[in-house]
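Okay, so here's the structure we're looking at.
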Amino acid sequence: MPDISVTLPDGSSRQLPAGATGADLAASIGRRLALDAVAVVVDGSPRDLSAPLPDGASVEVVTAGTPLGRQVLRHSTSHVMAQAVTRLWPGARYAIGPAVEDGFYYDFELPDGAHFSDDDLGRIEAAMREIIKEDQRFVREEHSPEEGIEIFSDQPYKREIIEDGGEAGVSTYRNVGASGEDGWVDLCRGPHVPSTGRLGHFKLTKLAAAYWRGDEHRQQLQRVYGTAWESAAALEEHMERLAEAERRDHRRLGAELDLFHFPPEIGSGLPVFHPKGAMTRKVMEDYSRAEHEANGYDFVYTPHIAKSTLFEVSGHLGFYKDNMYPPMEMEGARYYPKPMNCPMHILVYKSRQRSYKELPLRLFELGTVYRFERSGVLNGLLRVRGMTQDDSHIFCAREQLEAELESLLAFVLKVLRRFGLSEFEAELSTRPEKFIGTVEEWDRAEEALRASMDAAGIPYKVAEGEGAFYAPKIDVHVRDAIGRRWQVSTIQVDFQNPRAFDMEYVGADNTRHRPFMVHRALFGSVERFFAILLEHYAGALPTWLAPVQAAVLPVSDAHEGYAGQVAATLRAEGFRAEAGVAEETLGARIRRAKLDKVPYVLVVGDQDVAAGTVGVNVRSSARPERGVALAQFVERLRADVHAAHA
RNA sequence: GCCCGAGUAGCUCAGUCGGCAGAGCGACGCACUCGUAAUGCGUAGGUCACCAGUUCAAUUCUGGUCUCGGGCUCCA
């Protein structure tokens, strides 16, 4: 039999007997690799280990612990889950079951309109472990579409996929037990692990409803989520990450640190900030104002409600009505709470005739808006119904757009960095199928946005056709301390509103021109950004943002007077300091201050009163210091607070 | 809005197979006056989310409503 030759990723080549498979290749390289292998990539395409390798191919063996290997594991586990569900609910229909970030899901329609309950997760897991124990092989088969439709005669979702796919052939995977009996079959491109015995480090995590093909007008299916990993240790690590995320949950921290809450008496999605949360928010807002002032923005204030005509012109009542609170009738007019600030800012622009000499005109407002979000989407401060945007609208001449976007993005990133967020990824959303304006305008705006990201040096992806109907946009995402991605800033170029409001300026040529408009929210919403910071810092806000920067604790009540003086001195120096009273044991008071995540706990006793010193217990350190001169501590605190502004 | 789950003291939760409810923490009071992550004792605090229904009796069972959580759709 003639040999074949394949090329490995390191450039070396290997000779194998004709008909050799990926599994044979892995085995020929090493025993360990053969055990770890879950699939191969042949000339760039993922394949089963059992597939024969073509002569001359480039082949990479995929192991379980790699991103692609985990995808294969997860997708294979989702098949096992669907198989388990059909064992437990004969007649269940299964739709799609892909691998997703950190796990997988599968969508089902149970017979007789049944729904899963939480208790079912354990039953499904048990059935899955049975299937894994049976070590069923994943057997790939190729069929014509007609055969596929025949195989899935009782699976309408699979049939729909085949019918809509319009492909020349379809492939299926059959799970076959040791005795060779035909098992459960699914429509699938693959690849899969060789057999179910390769799986096992998984957990079913949650239930959800999901619409068939993501369309809320179609059948609602039951979705089961799970996670799967290459080893028990990796699964355990993942579960620990989830636990860490829960510990950092801003809703939990908001209650523990007494920062904010959502009174049911006010209504869903409408938070109140308590004094400590409000202090941090005030520092954020003061900082934002100072930065905007230093960067050429003009401040405006606008009302919370406006007559319907304003939102008719802006297009909100046409395109955004479902997200608006209903109107109030007053003196024959209908007043709507504003869902966005832009129409108001446009009216400021239009208050008089504008000259090109005024452009770019940058209007800024911490503007509170109200949006009627559907109840199911509310999520702590991350998704609310009343929020304050650090909102800006920039009006500029066409030839200023590029430079303006470039400096704008640089400004955005600079501010985000000062809040300790430094890993950015952006997304450029481009012209959708339905759009207004000209292709030339769009191309120019997209190009300007792209250039600003190149200039800022941040990585970005292009979301083709994802722009709003009126404009392309950049969304800036940040990664937090535990690697989660959050969308914060957004920058949108708008062609629609300048036209709708008939905005003009007089150019150097003494004729009228239409300005370009750029919408920009930096934090996104102050509430949301506050929540992201809380989660990023796990509640231990940097000193400049901490509501209480130093807590002064007297050792006994004899030292309360001195503690008060120390706190007063710190406040006079511009810091946020509180003096305590000696009501409980010192240990208990220190513990409380630490749990409140106060950056500096100062303990003062006889020695400090005599020497004018403080004991310094730093939040991030387990070892307290003694006998630090107060003046010296003031300088340390000052340096700490200013470090964030460097 | 839809599916699943939850709602018991300020918080975290136990409990009642239908018979007028309990712990820890917190709050308050008294004692303790203390040098770096929980001093002791005591007191108060609950229409068991709300509204109906079944029942001799409902916090418990049934239905509805509201709120919260996890998803879907949507989005800052």
Side-chain angles (χ1 to χ4, degrees), chain A residues 105 107 110 113-121 205-225 246 249 251-252 255-256 258 261-269 320 322-323 339-340 369 371-385 387-391 468 475-476 486-490 519 521-529 531-532 553-560 581-596 601-608 614-619 621-627:
Chain A
Y105 66 80
D107 288 345
L110 296 183
H115 299 296
F116 293 119
S117 75
D118 280 348
D119 297 337
D120 293 329
L121 292 183
T205 49
K206 53 200 167 197
L207 294 176
Y211 300 102
W212 170 233
R213 300 207 151 165
D215 181 346
E216 64 177 317
H217 301 297
R218 303 199 63 175
Q219 178 67 37
Q220 193 168 51
L221 305 172
Q222 302 292 302
R223 177 170 296 180
V224 182
Y225 280 93
E246 198 179 321
D249 190 308
R251 292 162 299 191
R252 179 197 184 95
E256 284 174 2
D258 194 14
H261 87 290
F262 290 85
E265 295 87 341
I266 294 180
S268 289
Y320 206 74
D322 290 348
N323 280 302
M340 294 186 193
V369 298
R371 298 181 183 177
F372 190 78
E373 302 288 354
R374 296 158 102 184
S375 61
V377 308
L378 298 174
N379 179 259
L381 289 177
L382 293 170
R383 193 74 183 275
V384 294
R385 285 179 172 166
M387 61 168 162
T388 300
Q389 296 183 308
D390 58 334
D391 208 1
D475 291 319
V476 179
W486 305 93
Q487 191 199 317
V488 285
S489 315
T490 170
H519 304 244
L522 199 164
F523 292 149
S525 88
V526 179
E527 291 83 355
R528 179 183 159 81
F529 196 74
I532 292 169
L553 307 183
V555 170
S556 77
D557 54 12
H559 314 113
E560 285 179 2
V581 291
E583 270 191 341
E584 301 161 285
T585 58
L586 182 61
R589 286 177 283 142
I590 289 170
R591 179 167 191 274
R592 183 168 314 173
K594 288 276 194 178
L595 290 176
D596 282 345
V601 178
L602 306 182
V603 175
V604 294
D606 284 336
Q607 295 163 31
D608 299 296
V614 292
V616 181
N617 191 329
V618 183
R619 178 176 61 195
S621 158
R623 242 178 299 151
E625 306 160 44
R626 291 283 296 273

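Computed from a predicted model, the values in this text were never measured in an experiment. Per chain, numbering begins at 1; letters A, B, ... match sequence-line order.
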- Message: So, OP1 or OP2 of B:rC72: does either fall under 4.0 Å of a side-chain N or O from A:Tyr105?
- Response: no
Using the C1' atoms only, state how far B:rG29 lies from B:rC20, rounded to an integer number of Å.
30 Å
Which is true for A:Arg251 with a 4.0 Å heavy-atom rule: it touches a base, it touches only sugar-phosphate, or it touches nothing?
-> sugar-phosphate
Check: A:Ala582 main-chain N/O paired with A:Glu560 side-chain donor or acceptor under 3.5 Å = yes
Of A:Asp249 and A:Arg371, the one whose closest nucleotide on RNA chain B sits nearer the 5' end is A:Asp249
Problem set entry | Enclosure of A:Arg218 CZ (heavy-atom neighbours >12, cutoff 6.0 Å) | yes
Inset, instruction - Report which part of the nucleic acid A:Gly587 touches: base, sugar-phosphate, or nothing (heavy-atom distance under 4.0 Å, all strands). - result: sugar-phosphate
Checklist entry - Heavy atoms under 4.0 Å, any strand shown: does A:Tyr225 hit a base, just sugar-phosphate, or nothing? => result sugar-phosphate
Spacing of the P atoms in B:rC41 and B:rC32 (rounded, Å):
16 Å
Test your reading of the model: is there a side-chain donor-acceptor pair from A:Arg589 to the backbone of A:Pro554, 3.5 Å cut-off?
yes
* Is any side-chain N or O of A:Asn379 closer than 4.0 Å to OP1 or OP2 of B:rG70? -> yes
message = Measuring only the P atom in each nucleotide, how far is B:rG5 from B:rG45? A whole number of Å is fine.
response = 37 Å
Practice task
Mind checking A:Gly214 for me? I need base, sugar-phosphate or nothing, with any heavy atom below 4.0 Å counting as a touch.
Solution key: sugar-phosphate
Atom CZ of A:Arg223 and atom P of B:rC4 are separated, to the nearest Å, by 16 Å
Here the distance between atom C1' of B:rU73 and atom CG of A:Asp107, to the nearest Å, is 13 Å
C1'-based separation of B:rG40 from B:rC4 [nearest Å]: 47 Å
*Which is true for A:Ala209 with a 4.0 Å heavy-atom rule: it touches a base, it touches only sugar-phosphate, or it touches nothing?*
base
To the nearest angstrom, the CD-P distance between A:Glu584 and B:rA37 comes to 15 Å
Quick note, A:Gln487 side chain, CB onward, closest among B:rC72, B:rG35, B:rA76 is B:rA76
Any donor-acceptor pair under 3.5 Å from A:Arg385 side chain to A:Glu373 backbone
yes
From the list A:Arg626, A:Glu625, A:Lys594, side chain to side chain donor-acceptor pair (under 3.5 Å) partner of A:Asn617 resolves to A:Lys594
Among the nucleotides B:rU73, B:rA38, B:rC68, whichever has the atom closest to the side chain of A:Ala588 is B:rA38
Next on the checklist: Within the 4.0 Å heavy-atom criterion, would you say A:Val369 contacts the bases, only the backbone, or no part of the nucleic acid?
Outcome noted: nothing
The ring pair (Phe, Tyr, Trp, His ring centres under 6.0 Å) partners of A:Tyr211 (sequence neighbours excluded) come to none
When you measure from the side chain of A:Arg528 to the backbone of A:Gln487, do you find a donor-acceptor pair of N or O atoms at a distance under 3.5 Å? yes
- Query: Which part of the nucleic acid, if any, lies within reach of A:Leu586 when heavy atoms closer than 4.0 Å are counted: base, sugar-phosphate only, or nothing?
  - Reply: sugar-phosphate
Open item on the list: So A:Glu373, base contact, sugar-phosphate only, or nothing? Heavy-atom distance under 4.0 Å.
Closed with: base
Out of B:rC4, B:rU36, B:rA76, minimum distance to the side chain of A:Leu207 belongs to B:rC4
**Asked** So, are A:Asp249 and A:Arg251 salt-bridged, with charged N and O less than 4.0 Å apart?
**Response** yes
Taking B:rA76, B:rC34, B:rG1 as options, the one with an atom nearest any side-chain atom of A:Arg374 is B:rG1
Say we look at B:rC74 and B:rG10: how far apart would their P atoms be, to the nearest angstrom?
40 Å
Next item on the list: Select base, sugar-phosphate, or nothing to describe what A:Gly267 touches, counting heavy atoms under 4.0 Å on all strands.
Entry: nothing
**Q.** OP1 or OP2 of B:rG70 under 4.0 Å from side-chain N/O of A:Thr205
**A.** no
Heavy atoms under 4.0 Å, any strand shown: does A:Glu560 hit a base, just sugar-phosphate, or nothing? nothing
Next item on the list: Determine yes or no for a side-chain-to-main-chain donor-acceptor pair under 3.5 angstrom, with A:Thr205 supplying the side chain and A:Tyr225 the backbone.
Entry: yes
Whole-Å distance, A:Arg592 CZ to B:rC34 P, equals 20 Å
query = Within the modelled atom types, does a donor on one side and an acceptor on the other bring the side chain of A:Arg383 and the base of B:rC74 under 3.5 Å apart?
reply = yes
Of the candidates B:rC72, B:rG35, B:rA76, the side chain of A:Ala210 sits closest to B:rC72
Checklist entry - Between the side-chain atoms of A:Arg589 and the base atoms of B:rU36, is any donor-acceptor pair under 3.5 Å? => result no
(message) Just N and O in the side chain of A:Thr490: are any of them under 4.0 Å from OP1 or OP2 of B:rA76?
(response) no
Item to complete: Just call it for A:Tyr211: base, sugar-phosphate, or nothing, with non-hydrogen atoms closer than 4.0 Å on any strand.
Response: base
| P spacing across the pair B:rC17 / B:rC13, given as an integer number of angstrom | 23 Å
query = Is A:Leu595 touching bases, backbone alone, or none of the nucleic acid, heavy atoms closer than 4.0 Å?
reply = base
Hits for ring pair (Phe, Tyr, Trp, His ring centres under 6.0 Å) against A:Phe116, two or more places apart or cross-chain, chain-then-number order -> A:Trp89, A:Phe108
Each base of RNA chain B marked ( ) or [ ] if paired in-strand (Watson-Crick or G-U under 3.5 Å), | if paired to another strand and . if unpaired gives (((((((..((((.....[..)))).(((((.......))))).....(((((..]....))))))))))))....
Atom CG of A:Leu382 and atom P of B:rC74 are separated, to the nearest Å, by 19 Å
**A:Asp215, CG atom: more than 12 neighbouring heavy atoms under 6.0 Å** = yes
From the candidates B:rC34, B:rG71, B:rC3, the one with an atom nearest any side-chain atom of A:Ala582 is B:rC34
Assert: residue with more 5' nearest nucleotide on RNA chain B, out of A:Gly627 and A:Arg528, is A:Gly627
What nucleic acid atoms does A:Lys206 come within less than 4.0 Å of, heavy atoms only: base, sugar-phosphate, or nothing? sugar-phosphate
Inset, instruction - Would you please confirm or rule out a distance under 4.0 Å between OP1 or OP2 of B:rU39 and any side-chain N or O of A:Thr585? - result: yes
Between B:rC68 and B:rU8, how many Å separate the two C1' atoms, rounded to a whole number? 15 Å
Euclidean distance for P, B:rU62 against B:rU67 (whole angstrom): 22 Å
Among B:rC75, B:rA37, B:rC34, the one nearest any side-chain atom of A:Arg591 is B:rA37
NA contact type, A:Ser268, heavy-atom cut-off 4.0 Å: base, sugar-phosphate, or nothing?
sugar-phosphate
